[in-house]
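What follows is a single structure, written as structure tokens, with notes after it.
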Amino acid sequence: MELFKYTVHALHDMLIKKEVSAVELAKAVFARTDAVEPKIHSYITETREQALAQAAAVDAKIARGERIASLAGIPGALKDNICTKGVKTTCASKILANFVPPYDATVVDKLAAQDAVITGKANCDEFAMGGSTENSGFFVTRNPWDTDRVPGGSSGGSASSVAAGQAIWALGSDTGGSIRQPAAYCGLVGLKPTYGRVSRYGLVAYASSLDQIGPITRDVTDCAIVLNAIAGHDAKDSTSINAPVPDYTQALVNDVKGLKIGLPKEYFGAGIQPEVADAIKQAVNRFSAMGAEVREVSLPHTQYALPAYYLIAPAEASSNLARYDGVGFGHRAAGSDIIDMYKKTRSEGFGDEVKRRIMLGTYALSSGYYDAYYLKALKVRTLVKQDFDQAFAEVDVLITPTAPTTAFKIGELSDPLAMYLQDICTIPINLAGLPGVSLPCGFAHGLPVGMQIIGKPLAEATIIQAAYAFEQANDYHTRFAPLGEV
Amino acid sequence: MKYETVIGLEVHSELKTESKIFCGCSTKFGSEQNTNVCPVCLGLPGVLPVINEKVVEFAVRAGLALNCRILPFSKFDRKNYYYPDLPKNYQTSQYDLPIAVNGYLDIEVNGKTKRIGITRVHMEEDAGKLVHSGTISNSEYALVDYNRTGVPLIEIVSEPDLRSPEEAKAYLEKLKAILQYIDVSDCKMEEGSLRCDANISLRPVGTDRFGTKAELKNLNSFRAVQRGLEYEVERQTQVLSEGGRVIQETRLWDENKGVTLSMRSKEQAHDYRYFPEPELVPIVVDPAWVESVRASLPELPDARKARLMADYGLSAYDAETITVSRAMADYFDATVTAGADAKAAANWLMGDVSKHLNAANMSIESCPVTPGQLAGLIALIAKGTISGKIAKTVFEGMWSSGKDAETIVKEQGLVQISDEGAIVAIVDSVIAANPQSVADFKAGKEKAIGYLVGQVMKQSKGRANPELVNKLLKERLALV
């Protein structure tokens, strides 16, 4: 029995029926990791000892006849930019290579309250900046569908760990598509919640006004279960939304009759791989067949979203990353004076992509350029939001490709601008603060294709319901990455 | 050419909230280094700020007390610069939408009232403190104390309406009084809870355009404000009168040398790259709440001064002196409420009470004599139980023992002698013992009587009623 291939909900049933113990499950996942980690490189830090203790505690609860939570005893990985008390949190950066936070992120507290088992900290692009996990300060993670290819990014380690059976579920963070795009590349379900739905406390900030933590799972049911565990208001995060959290598993209803679906024409233009466009069109046909109403809509400012994002996100990043200076924590280089120490610490500690964005952001915020760049970008952001408001006056959800292509080869996109284009379908959603889910909708040349379903603010239940209905109509989510068959 | 001085002040005041602006750490001054810290105020990766609502309330109080308009929508911004006492390398502050704008306060200089504009009041977090191993320029290392990091500040920016160092000092004193009255800050310059930077420039009298200004930092006492500005007036006057040009720069006041020194020029000035703080939502204040804060404001110094003059007939000078500090004014009111004559209470406060406080370097809040006790002392004088002179002795006793005036008078037998018979006996003995003075008096030397009075008082150990002594001495001398 290959326990590592199961879903959260299947394993939960097995745990409460005592068909398997949490410790056995954890060990099965570790054994799988032992087998595939040398090929995939999902983890920066593994926390097996802690995981076994968590699993044993769940087994004890089950033995006592106590009810356990849906995630209890189920192994999951955390992107390494989510702070874990007493466990290294590196953001895949040399500058934080030895940073051990003295606190847990709020999502980690919430997972602990569910008795979830944490397998470790997953690799990512340094400080979540990138679209391939090639920008990790430590090593490149590989796609379990084809190890010559990237798993996507920046939450590539989280996605690969789930796709390769090194974790049953994972958390990623999404600033411009970093949950949805790797989920698409790895044939998984990845959801970026509404901005503020999940607390960012303890998520190491890249671009604070865009960052959001979310689940990466094997199917839509698991996605709802993990979202249930992490959503909710947090007094430690002023930007978190104080609204009741519905039970998202209630949205797992196989029904899209009358659902109004909009297809934004701007997302199906040049740059979209034909196989990807075809897969999405077939998926949309399936929705029609199931009784959804599909119509074309327009989001006219889409073309400006990417440039606006690459001003706003680096601007915030340049400020957020200023604290990595060698004074209070993290890597410190020797220097002849304080300025020299700053320069050497940051030169040694940050990788090229991080430096590129810090410089972009510093420039965009500089006096004399602020109005032309940063302020203009904020205005574009407002226009992008208004586009969505208008579209959502007509439709319930929007459907687009998640990424313009399937997973590309490692080293293939050496031009940063080409890499930035991989997030072209996901970025506008972050600018507007909307929820978006990516789920598998087909395959092209043996690689998964992801479909993005976008909802109104706080309409996670709606997009989960649409995704679930689609999932029930096919078997894409049941296919396991071929590495699993090796 | 004659020049006119133009000064604008930027005053930072630490708010006396229990906890910091963006976290729950204590703001207590003088704690052991780096004990009032947490991941949030240390700016560790992943943490987020949460606004302390008390800080907004205090800032609104200050804004209202300074006659400002409270903006219904304001926000925080980040001010980016690298310095090791600033953990995040940006300071969360307010930039284009501060909490309060367009206010004023009135100062009095040379008996005239002048209105000084307040441009804005904004909230921000304080930085930590660096302790250098030597001087800043050649220290081998520096230690950082982050206790002060995240302590809430308001910055109060004046219009360039001040025309002399005296006006600047008067403005600062009035500002301090107001902040203390509304109970938002300790305003202790020696502890850094009130700090002042000044912008100063000169221009030919009669012109409207501003001259090039220098920014003066490190003015950490009232004396420093006045001396530093006086130095700058002289320095800039000299530069201009020699045909030179004042350079726009930041200068430091060196208290020991009594000079200002260049710190950085305009070219080296920071580009702070302000932008809206994405981790805090904008501040939206409910107008009804602002009105409730306004209604809760106490009587402010100007109003209190006017009341003391109108209700008690105090002189402008006395009323001003007493209302400069809220604690002093409260003490005064309490003394009067306890039954003391207002003028007498004012005199005691400005006289012996202040003298004792100054000598002991104490503030009125810790005065060992309570307002009720002072009123008791004043009542004994009014009743004629003790003389004004004895009262000073009694006050000494009250100060050192904490006992009531009546108790001390009883214990030390200081009741005034108003029995004519007893005084006549002393007067006669003094007249008998000082024939020369009596002769001088008879010869028309009025002064001689003073000596004789002194002798009587001395023999009575100060207890003889002075009026009676004078009266009886004159009567008896007429008989000699």
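Chain letters run A, B, ... following the sequence lines, proteins first and then strands; every chain starts at 1.
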What part of A:A235 gets closer than 4.5 Å to chain B, counting heavy atoms only: side chain, backbone, both or neither?
backbone
Should the pair B:E18-B:K28 be classified as a salt bridge under the 4.0 Å nitrogen-to-oxygen rule?
no
Is there a donor-acceptor pair closer than 3.5 Å between any side-chain N or O of B:Q94 and the backbone N or O of B:M123?
yes
Under a 4.5 Å heavy-atom cut-off, does chain B meet the side chain of A:Y201, its backbone, both or neither?
both
A quick test of your reading: do over 12 heavy atoms of other residues, nucleotides or ligands sit less than 6.0 Å from CZ of A:F329?
yes
Can you name the residues of residues 311-328 of chain A that have some heavy atom under 4.5 Å away from a heavy atom in chain B?
A:A315, A:E316, A:S319, A:N320, A:A322, A:R323, A:Y324, A:D325, A:V327
For the pair B:N102 (side chain) and B:R69 (backbone), establish whether a donor and an acceptor sit closer than 3.5 Å, ignoring hydrogens and angles.
no
At a 4.5 Å cut-off on heavy atoms, which part of A:L203 comes close to chain B: side chain, backbone, both, or neither?
backbone
Option that, when pairs with chain A are counted at under 4.5 Å, heavy atom only, ranks first among B:I51, B:N89, B:V40, B:N80:
B:N89
Is A:P101 in contact with chain B via its backbone, its side chain, both, or neither, using a 4.5 Å heavy-atom distance?
neither
Sort by residue number and list every member of residues 76-96 of chain A having a non-hydrogen atom under 4.5 Å from chain B.
A:C83, A:L96
Over 60° means perpendicular and under 30° means parallel, so tell me whether B:Y81 and B:Y272 are parallel, tilted or perpendicular.
perpendicular
Does A:K355 make a cation-pi contact with A:F350, if we ask for NZ or CZ under 6.0 Å from the ring centre and within 45° of the axis?
no
Contacting moiety of A:Y195, where chain B heavy atoms sit under 4.5 Å
side chain
